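Here is the structure we will look at, set down as structure tokens.
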Number of protein chains: 2
Amino acid sequence: MARDEIGFSHPDEETLSLEAIFHALSDPYRLRIVQALAASAAPMNCGDLSFGRPKSSMSHHFRILRAAGVLHTTSQGVEHMNSLRRAALDRRFPGLMAAILGETGHPAAAPAARGLAPA
Amino acid sequence: MARDEIGFSHPDEETLSLEAIFHALSDPYRLRIVQALAASAAPMNCGDLSFGRPKSSMSHHFRILRAAGVLHTTSQGVEHMNSLRRAALDRRFPGLMAAILGETGHPAAAPAARGLAPA
DNA sequence: TCGTTTGTTCGATAAAAATGGAACTAAGCC
DNA sequence: GGCTTAGTTCCATTTTTATCGAACAAACGA
């Protein structure tokens, strides 16, 4: 369990489990957080990822995503910046995030994972 | 919702959701069921996939896997034969099952999803 | 028809998760 | 120091899941 500076604890890459990742992604808000982060070039703070829900509720969701190793959070001033742990996830479960996010070799493919209506 | 002969109801391919699939796979027994089915050439009955747990408990897990569209079940005599809905899952979420099962282009890759120790 | 096998359904209980207000902490600004 | 902003932690409540015995149902064979 790596403890970043004075910050959050994120699980080591080797300990990431499919089970925890799936649990983390089985909640609609958490899935939206992941999708929003994937779509964003830059890290995003918690407020921007709260979808109008109470802070305490969202803080709970961030914690679960962090604990599953999906998210990485660092403090920058008053805010907490979140990003996907994409490289670690890709090494540990190659193709998983790509499939979830609807990134396939074929640009026309993966309609469902991109939120588009199926052909 | 397709209702097979006199049998089980399985969701239509178009309605499969990542969220439901993730929830289904976030339980250890359910994940093992999926992995066992993937490893098996032939469909398997419920007893062979029960890992020594009570029937009523496992029946519950089968129902969730079916409702998520992960599993397909048919009656054959007294037994219920289960198989992965691999084709439907692959069409709807290309690469997802391959990543979960640790099937990658490179035979040496995806150690974690195949249950092997990471290099 | 009776008994056996396989699995589902019911129902009660226990365990786990989600929710959100309130109090609190850390960082920055005046 | 006092004030503001951004999140976390605490705590109680609700909701959802999991667990598993017991009763039930369907298919088959003797």
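These numbers come from a predicted model, not from an experiment. Lettering follows sequence order; numbering is per chain, from 1.
Remark: the backbone N or O of A:M44 is paired with a side-chain donor or acceptor of A:N82 at under 3.5 angstrom. A side-chain donor-acceptor contact under 3.5 Å links B:S40 to the backbone of B:A42. Between the A:N45 side chain and the A:D48 main chain, a donor and an acceptor come within less than 3.5 Å of each other.
Within residues 33-49 of chain B, the residues approaching DNA chain C are B:N45, B:C46, B:G47, by heavy-atom distance under 4.0 Å.
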Atom pairs under 3.5 Å: protein N/O with N/O of nucleotides 17-20 of chain D:
unit_1, atom_1, unit_2, atom_2, d
D:dA18, OP1, B:R30, NH1, 3.1
D:dA18, OP1, B:R30, NH2, 2.9
D:dA18, OP2, B:R30, NH1, 3.4
D:dA18, OP2, B:H60, NE2, 2.9
D:dT19, OP2, B:H61, NE2, 2.8
D:dC20, OP1, B:R53, NH2, 3.2
D:dC20, OP2, B:R53, NH2, 3.0

Might you list the N or O atoms of the protein lying below 3.5 Å from N or O atoms in nucleotides 28-30 of chain C, with each pair's distance?
none

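As a whole-Å value, the separation of B:K55 NZ from D:dA23 P is 14 Å. As rounded to whole Å, 11 Å separates atom P of C:dG7 from atom CZ of B:R66. In this structure, the CD atom of B:E79 is 13 Å from the P atom of D:dA27, given to the nearest Å. Protein atom CE of A:M58 is 16 Å distant from nucleotide atom P of D:dT9, rounded to whole Å.
Axis angle across the helix from C:dT1-D:dA30 to C:dC30-D:dG1, with five pairs used at each end and values rounded to 10°: 10°.
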Compile the donor-acceptor pairs under 3.5 Å between side chains in residues 53-70 of chain A and protein atoms, sequence neighbours left out, one pair per line.
unit_1, atom_1, unit_2, atom_2, d
A:R53, NE, A:Y29, OH, 3.4
A:H61, ND1, A:R30, NH1, 3.0
A:R66, NH1, A:T73, OG1, 3.1

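Side-chain contact check for A:P11 versus A:R85: some heavy-atom pair is nearer than 4.5 Å. In this structure, B:I21 and A:F22 have side chains that are not in contact, with every pair of non-hydrogen atoms separated by 4.5 Å or more. At least one side-chain heavy atom of A:E19 sits less than 4.5 Å from a side-chain heavy atom of B:P28. Between A:L89 and A:L96 the shortest side-chain heavy-atom distance does not fall below 4.5 Å. Side chains of A:L71 and A:L37 form a contact here, defined as non-hydrogen atoms less than 4.5 Å apart.
Between B:H72 and B:F8, a ring centre-to-centre spacing not shorter than 6.0 Å is recorded.
Nearest heavy atoms, A:R86 versus A:A98: NH2-N, 3.6 Å. Minimum interatomic distance between B:F93 and B:L16 (heavy atoms only, all atoms of both residues): CZ-O, 3.7 Å.
Residues passing the salt bridge (Lys or Arg N to Asp or Glu O under 4.0 Å) test with B:E13, sequence neighbours excluded: B:R91.
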